[in-house]
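Sequential numbering from 1 along the given sequence is applied to the chain's residues.
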Amino acid sequence: MPSSPIDVLSRHLEHVPLADPAVDLPTLAEVLDAVPDPRSRRGRRYRLGPLLALTLLAVLGGATSLAKITRFIAGYDADLRARLGLPPTMRLAASTLGRLLARLDGDAFDAATCAYLAALAACPPPDTTTSPRTPLLGLAIDGKALCGSRTTDGTVHLLAALRHDTHTVVAQRQVAAKSNEIGAFAPLLSGLELSNVVITADALHTQAEHARQIITAGGHYIFLVKGNQPTLHRRLKALPWRQAFLNDRTDETGHGRREIRRMKICTTRPGLPFPHATQAIQVKRRRTDHRTGTTTIVTIYAITSLPPGRLSHARLAALIRGHWSIEALHHIRDATYREDASRVRTGTAPRIMASLRNLAIGLAHLIGWTNIAAAIDHYRSHPADGLQLLGLTT
């Protein structure tokens with residue numbers, strides 16, 4: 001058994017330098033076999049772990065529906081299925097797979113897969129600061145509704161925590177029906193080690209209790225501030241930004257546009273109405289669309305518990321910018337995997353499919369792929385490469 005899927009799969013992208021994770025991990029089939037099996041022992045024809053692992057490989061190869069997943073699984077030969085502990089004459093129906101996914105424990109599935117990704121991404125994160133202190137890891141928090149999951153109980157809404165540097169989801173929770181993301185924030189972070197972690201979140205999560213939870217757990221935060229905190233927003237806008245020094249400037253061109261970002265920092269005045277806030281941040285974003293020639297200027301405000309001098313200005317700007325990596329994940333799930341058009345709606349199946357997409361995207365990023373569509377094309381055309389994830393080939 002290989003020491004790590006990254007060790008084996010790095011040959012698919014030999015030109016990409018990868019850290020060498022000094023961990024001895026179980027195979028993916030073993031990880032998924034630990035998820036509680038909801039089926040009765042009587043009449044089980046397929047082992048859960050290998051079946052879920054083949055389902056993941058189908059998703060890694062671009063399968064966007066249950067029918068496509070079952071066709072993908074049917075394409076493997078009888079010898080391979082036998083090695084996986086599956087019937088050689090396996091004829092899995094899409095409805096059978098759908099019923100299984102609908103009955104899985106979503107919390108247990110996310111706990112197993114997120115822990116696996118976290119173990120793979122356990123190498124130290126990059127940091128540009130020259131401080132001798134321990135580097136800080138950025139962790140973005142954001143939610144996404146699965147639009148195709150609309151049922152009588154409402155739309156499935158998931159809140160996730162994603163590492164900025166590796167683009168891997170390390171925790172995920174389902175938002176309770178008739179509630180919102182705010183109530184899921186504390187449970188999401190409760191099982192995570194937050195020492196030397198900076199939580200980044202949008203304005204919805206700029207809540208005093210969230211800040212206290214993060215600080216108590218030994219972490220730091222960077223929260224955006226908008227109109228949902230009117231008093232705090234007014235105080236930030238009233239700070240002397242014209243007199244403040246320009247702390248960081250970036251100028252980037254790509255995706256048909258040019259974007260200039262300017263960041264200023266102001267040490268917060270006494271009485272700023274938010275717990276543990278030590279610095280206020282203003283970011284002006286000037287974006288020019290090369291196709292239309294249109295220029296837009298947006299100003300955003302943020303607060304952070306990071307004390308002055310804890311990070312370089314460039315690193316602080318990178319953490320603010322890095323928060324949008326979770327938006328990129330959601331875009332890939334929608335644009336590449338057509339998540340919002342999915343017809344999987346029953347039970348926990350929509351959540352399980354979203355988690356499988358997170359796992360496939362996270363693995364692709366860890367291997368070294370920067371273009372997920374290209375990764376999908378590769379594993380669709382070279383299924384034997386995907387099999388190495390199961391530890392069946394080397």
Side-chain angles (χ1 to χ4, degrees), residues 31 35 56 59 101 104-122 125 137-149 154-177 179-194 197-207 210 213-214 217 219 221-224 319 321-337 339-340 342 344 348-366 372:
V31 170
V35 176
L56 170 67
V59 173
L101 298 184
L104 287 176
D105 185 327
D107 289 339
F109 189 86
D110 278 332
T113 55
C114 289
Y116 185 72
L117 279 177
L120 286 178
L137 170 69
L139 198 64
I141 309 296
D142 197 21
K144 183 182 186 299
L146 308 182
C147 296
S149 65
T155 302
V156 175
H157 195 116
L158 302 175
L159 184 67
L162 175 131
R163 279 183 57 159
H164 290 193
D165 55 344
T166 60
H167 295 201
T168 51
V169 174
V170 297
Q172 184 169 267
R173 299 281 297 190
Q174 183 166 336
V175 177
S179 182
N180 58 33
E181 294 179 16
I182 296 175
F185 186 93
L188 178 76
L189 296 186
S190 61
L192 298 178
E193 172 58 53
L194 297 186
V197 169
V198 180
I199 300 295
T200 62
D202 60 20
L204 176 65
H205 295 292
T206 305
Q207 306 289 333
H210 294 176
Q213 178 189 3
I214 293 168
Y221 65 78
I222 300 175
F223 288 158
L224 298 185
L319 282 170
R321 181 69 181 273
H323 175 71
W324 306 112
S325 57
I326 197 165
E327 296 288 349
L329 171 73
H330 295 163
H331 176 74
I332 291 169
R333 280 167 38 185
D334 282 339
T336 305
Y337 284 103
E339 183 170 84
D340 283 349
S342 173
V344 179
T348 58
R351 176 179 180 178
I352 299 299
M353 288 299 299
S355 299
L356 287 169
R357 297 180 191 111
N358 286 342
L359 182 54
I361 294 167
L363 286 172
H365 277 300
L366 287 172
I372 300 301

Are [X] and [Y] side-chain neighbours, meaning at least one heavy-atom pair lies under 4.5 Å?
| X | Y | value |
| --- | --- | --- |
| Phe109 | Leu356 | yes |
| Val197 | Leu192 | no |
| Leu224 | Thr200 | no |
| Leu101 | Val344 | no |
| Val198 | His164 | no |
| Thr166 | His365 | no |
| Leu329 | Arg357 | no |
| Asp105 | Val35 | no |

Calculate, to the nearest 0.5 Å, the distance between atoms [atom1] and [atom2] belonging to [X] and [Y] respectively.
| X | Y | atom1 | atom2 | value |
| --- | --- | --- | --- | --- |
| Leu188 | Leu159 | CG | CG | 5.0 Å |
| His330 | Asp142 | NE2 | CG | 5.5 Å |
| Ile352 | Leu359 | CD1 | CG | 11.5 Å |
| Thr336 | Ile372 | OG1 | CD1 | 7.5 Å |
| Gln172 | Asp107 | CD | CG | 10.0 Å |
| Leu194 | Ile214 | CG | CD1 | 7.0 Å |

Non-hydrogen atoms of [X] and [Y] that approach each other most closely:
| X | Y | answer |
| --- | --- | --- |
| Ala140 | His323 | CB-ND1, 3.5 Å |
| Arg163 | Ala121 | NH1-O, 2.6 Å |
| Val156 | Leu158 | CG1-CD2, 4.0 Å |
| Ala360 | Leu56 | N-CD1, 3.9 Å |
| Ala184 | Val175 | CB-CG2, 4.2 Å |
| Val31 | Ala112 | CG1-O, 3.8 Å |

So, using side-chain hydrogen bond (donor to acceptor under 3.5 Å, both in side chains) as the criterion, who are the partners of [X] when residues are at least two apart?
| X | value |
| --- | --- |
| Glu327 | none |
| Arg333 | Glu339, Asn358 |
| Ser342 | none |
| His167 | none |

Item to complete: Please assess Gln207 against Ile182 for the test side-chain contact (heavy atoms from CB on, under 4.5 Å), listing each intermediate value before the final yes or no.
Response: CA-CA 8 Å; Gln207 306 289 333; Ile182 296 175; 3.6 Å; yes
Between Thr348 and Leu104, is there a donor-acceptor pair closer than 3.5 Å when you use the side chain of the first and the backbone of the second?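 Yes: the side chain of Thr348 pairs with the backbone of Leu104.
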(Q) I'd like to know if the side chain of Tyr337 reaches the main chain of Val59, judged simply by a donor and an acceptor atom lying under 3.5 Å from each other, with no hydrogens or angles considered. (A)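 Checking the backbone N and O of Val59 against the side chain of Tyr337, a donor-acceptor pair under 3.5 Å is found.
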Handout entry: Set of residues satisfying side-chain contact (heavy atoms from CB on, under 4.5 Å) with respect to Ala145, sequence neighbours excluded
Key =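 Counting only residues at least two positions away or on another chain, Ala145 forms a side-chain contact (heavy atoms from CB on, under 4.5 Å) with Thr155, His157.
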Checklist line | Non-neighbouring partners of Asp334 that pass salt bridge (Lys or Arg N to Asp or Glu O under 4.0 Å), sequence neighbours left out | finding: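 Salt bridge (Lys or Arg N to Asp or Glu O under 4.0 Å) list for Asp334, sorted by chain: Lys144.
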For Leu120 and Leu363, what are the C-alpha separation, side-chain angles and deciding distance, and is it a side-chain contact (heavy atoms from CB on, under 4.5 Å)? CA-CA 9 Å; Leu120 286 178; Leu363 286 172; 3.4 Å; yes
Practice prompt. Measure the acute angle between the ring planes of His210 and Phe185, then classify it against the limits of 30° and 60° as parallel, tilted or perpendicular.
Written response: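 The arrangement is parallel - the two ring planes meet at less than 30°.
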**Message:** Using side-chain contact (heavy atoms from CB on, under 4.5 Å), reason through Val170 and Leu139 one step at a time and then give a plain yes or no.
**Reply:** CA-CA 9 Å; Val170 297; Leu139 198 64; 3.7 Å; yes
